[in-house]
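Notes follow the structure.
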Amino acid sequence: MDLFDILTLVVIAAVAVTLGFGIRSLYQTDAGARSRSNKLMRLRVALQAVAILLLVAGMWWKSTQGG
């Protein structure tokens, strides 16, 4: 496994964890739950964008380097 593979797996795991916390926050009834859930979902979208960029960069790198 090279650096792009490891980074991609780490970011995908971070997306999954953030999604779990966001869904959990949706079902809480305290005063700050809605705001926290919204922030977590925005973070998830940002992490997904990073994951997509890493996937594209990794595919480009492997196509140019013959890997």
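What you see below is based on every heavy atom in this structure, not just the backbone, and it leaves out hydrogens, waters and symmetry mates.
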Under 3.5 Å, side-chain donor or acceptor atoms of residues 42-53 against the rest of the protein: list the pairs with distances, not counting sequence neighbours.
{"residue": "Arg44", "atom": "NH1", "partner": "Gln48", "partner atom": "OE1", "Å": "3.2"}

With clusters built from Ile, Leu, Val, Met, Phe, Trp and Tyr whose side-chain heavy atoms come within less than 4.5 Å, directly or transitively, what are the remaining members of the cluster of Leu55, listed by chain and number? none
Those residues that, when tested against Ala33, pass side-chain contact (heavy atoms from CB on, under 4.5 Å) (two or more places apart): Ser25, Gln28, Asp30, Arg36
Rest of the hydrophobic cluster containing Ile23 (Ile/Leu/Val/Met/Phe/Trp/Tyr, side-chain heavy atoms under 4.5 Å)? Leu19, Leu26, Tyr27, Met41
Please, which pairs that meet salt bridge (Lys or Arg N to Asp or Glu O under 4.0 Å) have at least one residue in residues 12-21, sequence neighbours excluded? none
Cut-off 3.5 Å, no hydrogens considered: what does the side-chain donor-acceptor table look like for residues 1-13, sequence neighbours left out?
{"residue": "Asp2", "atom": "OD1", "partner": "Asp5", "partner atom": "N", "Å": "3.3"}
{"residue": "Asp5", "atom": "OD1", "partner": "Lys62", "partner atom": "NZ", "Å": "3.2"}
{"residue": "Asp5", "atom": "OD2", "partner": "Lys62", "partner atom": "NZ", "Å": "3.4"}
{"residue": "Thr8", "atom": "OG1", "partner": "Phe4", "partner atom": "O", "Å": "2.6"}

